[in-house]
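In the text below, chain A, chain B and the rest are named by the order of the sequence lines, each starting its count at 1.
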Protein chains: 2
Amino acid sequence: MAASQRRSSGIDLAVSTVIFALRPEPERDSSRLWLPLVRRTRDPFQGKWALPGGWAAKDESLVATASRHLRDTTGLEPTYLEQLYAFGDADRSPTGRVVSVVYWALVRPEQAERAEETENVRWFPADALPQLAFDHNLIVEYALWRLRTKMEYSRIAHAFLGETFTLTELRHVHEAVLQKPLDPANFRRQVETSDAIVRTEERVTGGRHRPPRLYRYNTAVELSDNGPLSHTQI
Amino acid sequence: MAASQRRSSGIDLAVSTVIFALRPEPERDSSRLWLPLVRRTRDPFQGKWALPGGWAAKDESLVATASRHLRDTTGLEPTYLEQLYAFGDADRSPTGRVVSVVYWALVRPEQAERAEETENVRWFPADALPQLAFDHNLIVEYALWRLRTKMEYSRIAHAFLGETFTLTELRHVHEAVLQKPLDPANFRRQVETSDAIVRTEERVTGGRHRPPRLYRYNTAVELSDNGPLSHTQI
DNA sequence: CCAAAAGTGTTCGTACTACACCCATGC
DNA sequence: GCATGGGTGTAGTACGAACACTTTTGG
């Protein structure tokens, strides 16, 4: 502050988002994480796939920019959106200095299916990405780590599901993200004793076996804890 | 990206740091968290106290800028430095659009004592701050939350101490940060079974009672886990 | 009745808590 | 010896992992 009257100049501020959705794997009887990427139409990295994003806008908060880019490029509304990290190495873009504030988002599968793929927007499995532009491979890795870490102590798994869901569906979400099988009995008790969900009286009929009970989010509790920033506006 | 050729403009990028140190409280037989603030010498918020910081520099990574500002304004080297959050609301500065990437740092008490106070740099107790410039009160609150949360599952407490330390000193750090007393016996076992520290053969003599053993960091283990970003360079 | 998923019960091991107790030093 | 903090032992409790077992549906 004291050093100079000059403000920051020559630094471009970008906002990008890592968007996760779960897609059922028919053959493996489980789900898999997917994310949409955008093909770059100019240099640097022309033709390479990159995270959806764009430049920060002067009259808009960062999170609003992330939300808008998400809508523009994929047509999706996020059920969960959180800041991931600000990437600020001096050499992360070959053309000038770019600082990227990156968000990560979770969307529901219905939405993810509706999202049309175009020539320049395509969904990829999160564990089999091509080589991306810039440092975006590292960014996705970090977002995956945050998603898995947060899944274990938070209630964000619900963001992948609809209004109501069975405990088996919820368990499949955890299993897909954590990439390991979970004991159905213990999972049931853990999630039931936490006040994350409330049971409804509805059941899913028409299945081949005993009809499972449907559950619903407990909207009285926050989806995730971000300390004093819990109630930041979009 | 696809929308326009324009890059971000009219947005200034700042870097600030919340710097924590522990200072002994003589009368209460414990320690307390303090942090240095800088008095603003011009508008907006002239005369108000604010977090140390400044504009991002084009040829320097964000974390390097944070480190440099920390050195410049307080003369201190951090023993721990981590990104906190990028604050990007559109109206957080009354004069133009400013996005602040905020870091938080821990410094050792010897360093904090050496740091001279000047007319425009003063240390305050973290739990009794004046009204700060901008949204800096909120930022400090969030940094305190992160510090307390991370203290419980990480080994960052050591960053407040010197090369060697007794378990009582380490416990006092936890107690000061978490603001609650801890059982000495249980604390000892927890921290000993974790491989966070290694015992030396030295003891502190000259005290009034049984000479306690000195411990040392286990440098083979990371100070904190930041996932794939653990090894990001300063 | 049978298969398979939904849902319950039980046992075991680990880890944290509370607190009693012993140890070693300065005075 | 005595006060005091350093350090050890131990019983109680909570919680998750593993897995046997019962229930309820469609066929």
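- Which of D:dT8, C:dA6, C:dC19 sits closest to the side chain of B:Arg188 comes down to D:dT8.
- Side-chain nitrogen and oxygen atoms of A:Thr168 include none within less than 4.0 Å of the OP1 or OP2 phosphate oxygen of C:dA5.
- When the P atom of C:dA20 is taken as reference, atom CG of B:Asn186 falls 13 Å away, rounded to whole Å.
- Note: CZ (A:Arg213) to P (D:dT24) measures 12 Å, nearest angstrom.
- When each of C:dA18, D:dT25, D:dG5 is scored by its nearest atom to the side-chain atoms of B:Asp183, the top-ranked nucleotide is C:dA18.
- A:Ser100 and A:Arg92 share a donor-acceptor pair across their side chains, judged by distance under 3.5 Å alone.
- A donor-acceptor pair shorter than 3.5 Å cannot be found between the side chains of B:Glu163 and B:Tyr217.
- Residue B:Arg189 has its side chain nearest to D:dT10 when only D:dG16, D:dT25, D:dT10 are considered.
- Across the protein-nucleic acid pair, B:Glu152 atom CD and C:dA15 atom P stand 18 Å apart, rounded to whole Å.
- Comparing D:dT25, C:dT17, C:dA6 by their closest approach to the side chain of A:Arg171 singles out C:dA6.
- Between B:Arg188 and B:Asp183 there is no side-chain heavy-atom pair separated by less than 4.5 Å.
- Taking the six-membered ring for Trp and the full ring otherwise, the centers of B:Tyr142 and B:Tyr85 sit less than 6.0 Å from each other.
- The CG-P distance, from B:Leu170 to D:dG7, rounds to 13 Å in whole Å.
- For B:Ala185, the listed nucleotide lying nearest its side chain is C:dC19; candidates were D:dA3, C:dT8, C:dC19.
- In this structure, the CD atom of A:Glu169 is 14 Å from the P atom of C:dA5, given to the nearest Å.
- Following rounding to the nearest Å, B:Leu167 (CG) and D:dG5 (P) show an atom-to-atom distance of 16 Å.
- When rounded to the nearest whole Å, the span between CZ of A:Arg208 and C1' of C:dA5 equals 10 Å.
- Separation of the A:Trp104 and A:Tyr80 ring centroids falls under the 6.0 Å cut-off.
- Comparing C:dT10, D:dG6, C:dG7 against the side chain of A:Pro212 picks out C:dG7 as the nearest.
- Note on B:Gly207: only backbone sugar-phosphate atoms sit closer than 4.0 angstrom, heavy atoms only; bases stay farther off.
- One finds a side-chain N or O of A:Arg203 lying less than 4.0 angstrom from the OP1 or OP2 phosphate oxygen of C:dG7.
- Each of B:Arg199 and A:Thr193 has a nearest nucleotide on DNA chain D; the 5'-most of these lies closest to B:Arg199.
- In this structure, the CG atom of A:Leu182 is 15 Å from the P atom of D:dC19, given to the nearest Å.
- Closest to the side chain of A:Gln190, out of D:dG7, D:dG16, C:dT25, is D:dG16.
- Of the candidates D:dA18, C:dA18, D:dT23, D:dT23 carries the atom nearest the A:Arg210 side chain, counting heavy atoms from C-beta on.
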